[in-house]
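Input: one structure, supplied below.
Because only heavy atoms are used, hydrogens play no part in the values below, and waters and symmetry mates are left out as well, while side chains stay in. Below, chain A is the first sequence line, B the second, and so on; all start at residue 1. Please read these numbers as outputs of a predicted model, since none were measured by experiment.
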Amino acid sequence: MTTDNFEPKILAFCCKYCAYAAADLAGSMRLSYPSNVKVIQVPCTGRVDITYLLRAIEDGADGVYVAGCLEGECHFLAGNLRTKKRVKYVKKVLADLKIEPERVEMFNLSSAMGPRFAEIANEMTDRIKKLGPSPIKNNDQCKEVKHDCSR
Amino acid sequence: MSNDLKSGSNLEKVLRSGHFAFTGECGPPKGANIEHLKEKMHPLKGNVDAVNVTDNQTAVVRMSSWAASTIMVQEGIEPNFQMVCRDRNRLAMMSDILGVYVMGIRNMLCLSGDHQKFGNHPESKNVYDIDSLQLISLAKKMRDEGKFLNGEPIDVPPKIFIGAACNPFADPFEFRVYRLAKKIEAGADFVQTQCIYNMKKFREFMKMAVDMGLSEKCYILAGVTPLKSIGMAQYMAKMVPGMDVPNELIQRLKGAPKGKAAEEGIKIALEQIEEFKEMKGVSGVHLMAIEWEHRVPEIAERAGMLPRPKV
Amino acid sequence: MIVADEKSLPEILDMIKDCNHILVLGCKGCVTVCNVGGLKEVQILASALRIGRKKDGRIVKVDEEILERQCDPEYVAQIKDRVQNYDGVVSLACGVGPQFLSEAYPDQHFFPAVNTKFFGGAVAHGIWEERCAGCGNCIIHNFDGLCPIARCSKSLMNGPCGGSSNGKCEIDKEILCIWDSIVRKKMASGQLNDLLKVMPIKDWRTARDGGPRKRIKEDLTK
């Protein structure tokens with residue numbers, strides 16, 4: 001599936017206390033990271049629901065990740081730990097559907113780690129480029145089931 | 001204990017006449033190989049008073065214990081038919097008790113049974129309609145009252161010598177002697193214990209049993225299984241729930257000269273038997289020589305158990 | 001409550017393989033409390049099914065809804081006007097739900113999306129354990145409030161068996177030997193005598209063994 005000019009669409013849910021601030025820092029440090037990554041600020045990664053991650057995949061994202069505070073440093077105590085488990089759950093859903101679970105990931109960093117933010121964005125973009133486009137096709141590519149099972 | 005025999009089995013007569021009883025064990029084959037069964041049971045003939053016939057032990061499917069027991073009767077060996085609560089509801093239990101009695105089986109050991117999760121058909125439904133204590137009381141009711149569980153009279157009640165198992169080493173230790181008392185209250189005529197390795201704990205247990213008068217009401221046979229190897233000892237110690245193999249025993253086997261661990265295991269068993277002969281409240285030994293039936297004559301001889309009394 | 005567990009996605013996808021338009025129907029009863037069939041789980045399952053089908057290039061339209069309870073004809077009736085619009089309905093209720101639905105709408109296909117496991121409760125967040133076997137004749141007062149029928153692997157009335165080890169059951173070191181707990185509780189309260197009599201043989205007619213059961217409360221019947 002890999003194509004040379006494949007530019008993945010990646011969604012990043014970033015906690016405002018750490019990853020989002022780190023993105024700001026990366027910006028002011030003039031560190032570049034791929035434009036493939038679209039950042040969504042959340043008040044805490046604990047706000048990120050399983051359905052957010054699934055809907056992103058469903059609607060065509062090639063990769064999704066959650067970037068929260070270092071473990072033990074959550075401003076709301078355990079938001080990042082809860083979401084770590086949700087990410088694990090979504091990975092299992094994808095695996096059950098024979099979709100690469102690596103398309104979803106959880107990262108932890110602090111607000112001072114601007115370079116790490118850029119590194120994560122690069123890492124995730126490289127990973128998804130290697131995996132190729134999401135196997136989820138757009139609605140217009142899909143067919144309806146021919147057989148009508150209504151009695 | 002009244003003077004009339006309850007079943008007239010050889011084991012009952014041996015115990016009643018005050019002899020130190022000696023019972024063995026034989027697991028039916030995994031198949032209908034009758035020759036294999038006979039091969040396994042024959043070393044026991046004349047060397048023990050009765051032979052326990054296990055009932056799908058460790059929840060692994062084998063030839064039925066009643067059929068193997070019946071073959072034993074035909075071969076002139078007295079079986080101690082085992083029945084577990086895992087595989088039968090009360091209807092099957094009562095009909096099997098009638099059936100085995102007709103086939104000449106006179107001893108029955110009542111057990112809960114290993115959970116099927118351990119066995120080779122873990123997918124099966126577990127029955128446990130009644131438990132082992134209730135099975136004892138059921139057998140007693142059939143024999144002494146001549147009635148089925150529902151109170152209906154039995155046309156020719158089965159006269160069975162009722163046995164129970166007892167594990168002094170399972171938890172909680174403090175309750176074990178009380179559970180034995182419950183089994184005796186339910187109607188157990190004799191009890192065979194789990195394999196004993198921790199002699200200190202067993203002495204303690206027997207003291208409690210004697211103090212409670214249990215050995216006056218019921219014959220207690222001490223369970224002995226010779227350790228065949230260091231591996232077996234370690235497996236028993238670690239993997240078998242409710243088994244207590246002290247480290248000193250494992251060390252003693254390890255200390256035996258190369259290739260002599262089995263001989264050391266037999267020596268340990270013989271020492272135990274000597275002690276049981278003198279131990280207050282112990283009426284006999286139950287030798288479970290697992291897949292070692294052919295060594296029973298030798299062990300019986302060396303333990304001074306031969307010849308077996310003719311009663 | 002009734003505790004259920006998720007069925008695997010491939011299994012559910014196989015059930016709905018011939019459907020173009022389905023309803024994923026949750027229940028606000030027990031399955032909501034045990035986090036397997038509430039609104040959140042309806043959304044997750046609906047999304048996962050859409051993803052699975054899109055991946056195969058065979059789109060499925062999935063509507064999401066939840067009923068107050070699926071074990072009550074009154075609530076089941078609430079989807080009367082639209083249930084015929086679907087090729088199939090995936091129920092996230094316990095085993096009772098899809099049956100009440102099937103009885104109410106005999107022309108519709110209903111698929112179970114959960115495996116109903118036991119009567120129990122949450123011992124910690126996200127962990128549920130069995131407590132009751134529904135035997136129809138409660139005897140737990142004899143055992144200091146602990147049920148050997150539901151909680152002993154062999155349902156022994158006169159335990160513990162010889163496999164009890166360090167307070168755990170012989171079949172699994174993660175399973176409590178409930179008989180160990182019963183005995184220790186009785187010993188601690190000085191009431192060991194309660195356990196010294198042989199408990200009588202149980203009458204299983206009140207349990208499932210007596211056939212499918214029914215309860216009638218006369219003052220409520222019409």
Given heavy-atom pairs under 4.5 angstrom as the criterion, report whether the side chain, backbone, both or neither of B:N167 touches chain C.
side chain
Pick whichever of C:L192, C:L156, C:V198, C:N158 has the most heavy-atom pairs under 4.5 Å with chain B.
C:N158
Which answer fits B:A186, side chain, backbone, both or neither, if we ask what part of it has an atom under 4.5 Å from a heavy atom of chain C?
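Both parts, heavy atoms under 4.5 Å.
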Heavy-atom pairs under 4.5 Å with chain B are the metric here; pick the option from C:S165, C:G167, C:P160 that has the most.
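When all of C:S165, C:G167, C:P160 are compared, C:P160 has the most.
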Heavy atoms from other residues, nucleotides or ligands near OH of B:Y235 exceed 12 (cutoff 6.0 Å):
no
Does the side chain of B:L138 reach to within under 4.5 Å of the side chain of B:K141, using non-hydrogen atoms?
no
Select, from C:C161, C:C177, C:P200, C:G163, the one with the greatest count of heavy-atom pairs under 4.5 Å involving chain B.
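The residue among C:C161, C:C177, C:P200, C:G163 with the greatest pair count is C:C161.
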Does atom NZ of C:K7 have more than 12 heavy-atom neighbours from other groups under 6.0 Å away?
yes
Find the one option among C:K168, C:E170, C:K154, C:K197 whose heavy-atom pairs under 4.5 Å with chain B are most numerous.
C:K154
Between C:F100 and C:Y75, does the ring centroid distance fall short of 6.0 Å?
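Between C:Y75 and C:F100, which both carry aromatic rings, the centre distance is not below 6.0 Å.
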Crowded around C:R213 CZ? As in, over 12 foreign heavy atoms under 6.0 Å?
yes
Evaluate the side-chain proximity of C:F111 to C:I16: yes if any heavy-atom separation is below 4.5 Å, no if none is.
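Contact flag for C:I16/C:F111 side chains = yes.
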Going by the angle between their ring planes, with limits at 30° and 60°, are B:F161 and B:F190 parallel, tilted or perpendicular?
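Parallel.
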Step through the shown structure and confirm whether more than 12 heavy atoms of other residues, nucleotides or ligands are within 6.0 Å of NZ on C:K40.
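Count not over threshold, so no.
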Top of B:L149, B:I130, B:D129 for chain C proximity - count of heavy-atom pairs under 4.5 angstrom:
B:D129
In terms of heavy-atom pairs under 4.5 Å with chain C, which of B:Y178, B:F169, B:F175 leads?
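The residue among B:Y178, B:F169, B:F175 with the greatest pair count is B:F175.
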Against chain C, work out which of B:R176, B:K117, B:E174 has the most heavy-atom pairs shorter than 4.5 Å and name it.
B:R176
Could you look at B:Q194 and say if it's the side chain, the backbone, both or neither that has a heavy atom under 4.5 Å from chain C?
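Answer is neither: B:Q194 stays 4.5 Å or more from chain C.
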Please classify the contact of C:D172 with chain B as side chain, backbone, both or neither, using a heavy-atom distance under 4.5 Å.
side chain
